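So the structure is just underneath, and the comments pick up after that.
Source: prediction; values computed, not measured. Every chain is numbered from 1, with letters handed out A, B, ... down the list of sequences.
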There are 2 protein chains.
Amino acid sequence: MSRSNPRVLATLERAGGFASAQEVYRLMQREGESIGLTTVYRSLQSLLNDKIVDVLRREDGEAIYRLCGGAHHHHLVCKGCGETVEIEGGAIEKWAKTMAQEFGFRDVGHTAEIFGLCPKC
Amino acid sequence: MSRSNPRVLATLERAGGFASAQEVYRLMQREGESIGLTTVYRSLQSLLNDKIVDVLRREDGEAIYRLCGGAHHHHLVCKGCGETVEIEGGAIEKWAKTMAQEFGFRDVGHTAEIFGLCPKC
DNA sequence: AGCACAAATGAAAATGATTTTCATTCCCAT
DNA sequence: ATGGGAATGAAAATCATTTTCATTTGTGCT
């Protein structure tokens with residue numbers, strides 16, 4: 001196990017809290033920070049583990065990391081500009097619980113994302 | 001441009017309307033069909049273009065294709081054995097619509113998956 | 001049938017993100 | 001100082017996906 005390199009988190013913040021591992025790496029290089037790509041990946045993985053960042057997927061499948069609040073929440077993502085709104089999903093929680101019960105599933109989690117075009121796009 | 005190989009669509013149907021390109025390919029091989037991986041990718045791409053299938057992303061980023069236009073549904077997936085149950089998600093549809101409206105998003109879609117341990121695992 | 005040309009096919013190489021390996025460096029407690 | 005575990009990063013491995021390119025197939029035309 002390894003802990004997150006603080007400069008990675010700092011860079012993610014500076015990037016607007018939304019970037020892929022490769023982007024964080026390139027950003028740090030451009031700013032003269034000496035770091036290896038491996039460490040960037042490891043740090044993001046660790047931040048994800050600690051629920052300090054969230055992971056989403058670009059359309060091409062590349063993982064993008066985002067700072068997020070600790071509480072469980074869902075996202076409304078704009079396909080055009082990438083803007084993301086954190087939304088509450090009480091209905092989903094209930095739905096997931098009901099469905100799991102109906103089929104006898106235990107230890108359940110869920111994912112739910114809504115994507116579309118925001119007012120500006 | 002190329003048109004979709006009909007056996008690819010047939011295989012996707014047989015797979016329960018939910019599979020990655022690699023899985024479709026492996027399935028066809030196992031059933032003795034002679035086809036190249038490239039053709040599978042091209043066909044899925046074409047089906048996507050024609051809006052005959054939908055694309056989602058697995059947690060690891062792999063693209064999975066599913067038939068769409070038919071009944072929209074969601075999945076309950078076992079983390080242990082991979083068993084998948086198709087479930088209905090009326091509550092989700094309503095939730096997505098409400099949220100989109102609230103934030104002025106148009107042209108919205110959504111994903112929702114529940115995962116846990118099935119009774120056998 | 002024979003020919004020409006476009007579309008389809010697939011093997012192999014290229015690409016690109018991510019993970020793994022492994023040797024080295026760093027740091028801290030003894 | 002010194003021994004050991006954690007952190008680091010270069011290079012290789014992995015894996016899905018795309019591109020290249022030569023070959024095959026199909027179709028219309030004479």
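Using a 3.5 Å distance cut-off with no hydrogens or angles, the side chains of Q22(A) and Y41(A) do pair a donor with an acceptor. Side-chain contact, E113(A) with T111(B): no donor N or O sits under 3.5 Å from an acceptor N or O.
Rounded to whole Å, the distance from CD on E33(B) to P on dA8(C) is 18 Å. Between the CG atom of N5(A) and the P atom of dT25(C) there is a distance of 19 Å, rounded to whole Å. Rounded to whole Å, the distance from OH on Y25(B) to C1' on dT9(C) is 12 Å. One interatomic measurement links the two molecules: CZ of R7(A) to C1' of dA7(D), which rounds to 11 Å at whole-angstrom precision.
Counting only residues at least two apart or on different chains, no salt bridge (charged side-chain N to carboxylate O under 4.0 Å, His left out) pair has a member in residues 90-110 of chain B.
Under the ring-ring contact (aromatic ring centres under 6.0 Å, His included) criterion, H75(A) pairs with H73(A), sequence neighbours left out.
By the neighbour-count criterion of 12 heavy atoms within 6.0 Å, atom CD of E13(B) is densely surrounded, having more than that number from other residues, nucleotides or ligands.
The aromatic rings of H110(A) and H74(A) sit parallel, their planes meeting at an angle under 30°, below the 60° perpendicular limit.
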Would you tabulate the pairs of protein nitrogen or oxygen atoms and nucleotide nitrogen or oxygen atoms of nucleotides 16-20 of chain C closer than 3.5 angstrom?
{"residue": "dT18(C)", "atom": "OP1", "partner": "A63(A)", "partner atom": "N", "Å": "2.9"}
{"residue": "dT18(C)", "atom": "OP2", "partner": "Y41(A)", "partner atom": "OH", "Å": "2.7"}
{"residue": "dT18(C)", "atom": "O5'", "partner": "Y41(A)", "partner atom": "OH", "Å": "3.3"}

